[in-house]
Protein chains: 2
Amino acid sequence: MQFDDKVPIYYQIKNYLYHRMVAGELGLGEKLPAVRQLAVDLTVNVNTVQRALREMIDEGYIAPQRGRGNFVTQDATKIATLKQQLTTTYIQDLYGQLHALKLTDAEIIAEIKTYIQQRGDADDQRN
Amino acid sequence: MQFDDKVPIYYQIKNYLYHRMVAGELGLGEKLPAVRQLAVDLTVNVNTVQRALREMIDEGYIAPQRGRGNFVTQDATKIATLKQQLTTTYIQDLYGQLHALKLTDAEIIAEIKTYIQQRGDADDQRN
DNA sequence: ACTAGTGTTATATCTTTCTATAACACTATA
DNA sequence: TATAGTGTTATAGAAAGATATAACACTAGT
């Protein structure tokens with residue numbers, strides 16, 4: 001995994017894991033890879049992984065079991081809420097940015113549609 | 001101005017100034033506020049401002065004149081390109097994030113429209 | 001009991017960012 | 001030629017983030 005050197009790595013790991021949980025790649029109650037394994041996979045120090053997990057545990061998304069592993073919460077509602085929160089936050093950020101660039105609502109939607117359209121075309125060519 | 005403590009301040013200042021240039025609040029060839037003034041306005045150290053400006057100068061968006069001030073580039077094309085770059089980058093990021101959350105293209109557009117719609121309603125109530 | 005696999009914590013060190021403070025260099029104008 | 005306004009650079013110290021390395025604590029299976 002490649003990190004953005006403008007943002008703390010532990011923070012990016014946190015978001016990465018949240019994404020995997022929301023996307024269902026890490027299901028409810030599922031055991032996460034061992035911290036040392038995660039550290040190897042992400043080419044990062046154990047303490048850095050631990051820092052990310054620590055915050056996720058404090059926020060209740062992960063339940064640690066000493067000696068056994070870390071497990072995704074069983075709370076489906078919590079994950080669903082997280083998905084909605086992340087979605088809204090991202091959209092809010094984008095809207096704020098583009099609005100600051102003086103794009104109108106219509107222009108914003110148009111730009112996004114154009115981007116997705118072009119992306120689709122590119123996909124067609126690749127496949 | 002409030003900063004995100006997850007991203008270097010000098011980097012946020014850079015983006016802030018780019019936004020103002022793209023939005024036309026800082027016109028072509030216009031003189032920027034003095035570095036010390038910017039530092040006061042942003043509640044930040046002069047060196048931090050200077051670090052942001054240094055990169056913008058290296059990238060050719062700002063032309064410094066020792067003893068006189070810093071001036072926005074005269075190159076309209078450069079600013080137009082910047083606007084397009086920023087727009088595309090933001091949209092690309094959003095799309096990548098939401099796609100990672102397993103939202104479909106249609107869902108992405110729908111969520112954005114909903115957000116803008118609700119935002120408009122809120123505006124109506126406020127005004 | 002031992003061992004392998006796991007989470008947890010600690011220490012020392014390095015790098016980046018930011019700060020306060022100060023000085024230096026140049027321009028324009030009174 | 002002063003002086004005020006501007007950019008530029010340097011130094012020393014603080015704080016946050018990462019790293020390598022090591023040790024400790026618990027669980028499960030042999």
Side-chain angles (χ1 to χ4, degrees), chain A residues 1-18 20-21 25-74, chain B residues 1-18 20-21 25-74:
Chain A
M1 181 179 178
Q2 52 184 3
F3 296 105
D4 176 351
D5 70 354
K6 292 291 182 299
V7 182
I9 294 176
Y10 81 88
Y11 196 77
Q12 295 180 64
I13 292 175
K14 223 177 119 176
N15 279 317
Y16 165 69
L17 293 176
Y18 278 152
R20 294 196 55 187
M21 286 165 53
E25 294 164 17
L26 287 173
L28 294 179
E30 186 171 332
K31 179 173 174 298
L32 271 67
V35 288
R36 288 178 186 76
Q37 188 57 49
L38 273 175
V40 170
D41 294 347
L42 301 173
T43 329
V44 129
N45 190 274
V46 181
N47 287 313
T48 306
V49 172
Q50 197 69 5
R51 163 127 192 218
L53 295 183
R54 179 79 267 144
E55 297 196 356
M56 300 178 80
I57 290 166
D58 291 346
E59 294 169 9
Y61 293 100
I62 287 182
Q65 293 186 29
R66 202 187 181 97
R68 297 197 59 234
N70 288 297
F71 300 81
V72 176
T73 178
Q74 299 278 2
Chain B
M1 181 178 177
Q2 51 184 4
F3 296 105
D4 177 351
D5 70 354
K6 293 289 183 300
V7 182
I9 294 176
Y10 80 88
Y11 196 77
Q12 295 180 63
I13 292 175
K14 224 177 119 176
N15 280 316
Y16 165 68
L17 292 176
Y18 278 152
R20 294 196 56 186
M21 286 164 54
E25 294 164 18
L26 287 173
L28 293 179
E30 185 172 331
K31 180 175 176 296
L32 272 65
V35 288
R36 288 179 186 74
Q37 187 58 49
L38 273 176
V40 170
D41 293 348
L42 302 173
T43 330
V44 129
N45 190 273
V46 180
N47 287 312
T48 305
V49 172
Q50 196 71 3
R51 166 127 190 216
L53 295 182
R54 179 78 269 145
E55 297 195 359
M56 299 178 80
I57 291 166
D58 291 345
E59 293 168 9
Y61 293 100
I62 287 182
Q65 292 186 30
R66 201 188 182 97
R68 297 198 59 235
N70 287 298
F71 299 81
V72 176
T73 178
Q74 300 278 2

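Here is how names work: the chains are called A, B, and so on, in the same order as the sequence lines, proteins then strands, and each is numbered from 1. We use all heavy atoms of the structure for the numbers below, so side chains are in, but hydrogens, waters and symmetry mates are not.
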Asks: Please give, in whole Å, the distance from C:dG7 C1' to A:I57 CD1?
Replies: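 These atoms are roughly 9 Å apart.
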
Asks: Using 0.5 Å steps for rounding, measure from the CG atom of A:L32 to the CE atom of A:M56.
Replies: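 Here the interatomic distance stands at 7.0 Å.
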
Asks: Please answer whether the main-chain N or O of B:V35 pairs with a side-chain N or O of B:Q50 as donor and acceptor at a distance below 3.5 Å.
Replies: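 The answer is no, because no donor-acceptor pair under 3.5 Å joins these two groups.
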
Asks: Output the rounded distance in Å from CZ (B:F3) to C1' (C:dT17).
Replies: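 My rounded result for the distance is 13 Å.
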
Asks: For A:Q65 and A:F71, indicate whether the former's side chain and the latter's backbone hold a donor-acceptor pair under 3.5 Å.
Replies: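 Not at all, since once roles are kept as given, no pair shorter than 3.5 Å links the two residues.
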
Asks: Between the side chain of B:Q37 and the main-chain N/O of B:A34, is any donor-acceptor distance below 3.5 Å?
Replies: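 Looks like no, no N/O pair under 3.5 Å.
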
Asks: Which residue, A:G67 or A:V44, contacts DNA chain D at a nucleotide closer to its 5' end, judged by nearest heavy atom?
Replies: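 Nearer the 5' end of the strand: A:V44.
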
Asks: Taking atom C1' of C:dT6 as reference, at what distance in whole Å does atom CG of A:L53 sit?
Replies: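 Result: 12 Å.
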
Asks: For D:dT19, does OP1 or OP2 lie under 4.0 Å from any side-chain N or O of A:T48?
Replies: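 Yes, because at least one side-chain N or O of A:T48 sits under 4.0 Å from OP1 or OP2 of D:dT19.
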
Asks: From the options C:dT17, D:dG7, C:dT8, select the nucleotide whose nearest atom is closest to the side chain of A:V46.
Replies: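 Output: C:dT8.
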
Asks: With respect to the side chain of B:Y10, which nucleotide from D:dT8, C:dT17, C:dG7 is positioned closest?
Replies: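 That would be C:dT17.
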
Asks: Output the rounded distance in Å from CZ (A:R51) to P (D:dT19).
Replies: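 So the two atoms are 12 Å apart, to the nearest Å.
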
Asks: In whole Å, what is the span from the CE atom of A:M56 to the C1' atom of C:dG7?
Replies: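 Value for this atom pair: 16 Å.
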
Asks: Nearest to the B:R66 side chain among C:dT6, D:dT9, C:dC26, which nucleotide is it?
Replies: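 Looking only at heavy atoms from C-beta outward on B:R66, the closest nucleotide is C:dC26.
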
Asks: Under 4.0 Å between a Lys/Arg side-chain N and an Asp/Glu carboxylate O for A:K14 and A:E59?
Replies: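 Between A:E59 and A:K14 there is a salt bridge, with a charged N closer than 4.0 Å to a carboxylate O.
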
Asks: Round to a whole Å and report the spacing from CZ of B:R36 to P of D:dA4.
Replies: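 In whole Å, D:dA4 P and B:R36 CZ are 14 Å from each other.
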
Asks: Calculate the interatomic distance between A:D5 atom CG and D:dA16 atom C1'; express it in whole Å.
Replies: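 Between C1' of D:dA16 and CG of A:D5: 15 Å.
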
Asks: Can you tell which of C:dT27, C:dT17, D:dA23 lies closest to the side chain of B:R68?
Replies: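 From the listed options, C:dT27 comes nearest.
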
Asks: Could you give the CD-to-P distance, from A:Q65 to C:dT6, as a whole number of Å?
Replies: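 So the CD-P distance, A:Q65 to C:dT6, works out to 14 Å.
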
Asks: Considering only side-chain heavy atoms of B:N47, which listed nucleotide, D:dT19, D:dT8, D:dT11, is closest?
Replies: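 Selected nucleotide (nearest to the side chain): D:dT11.
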
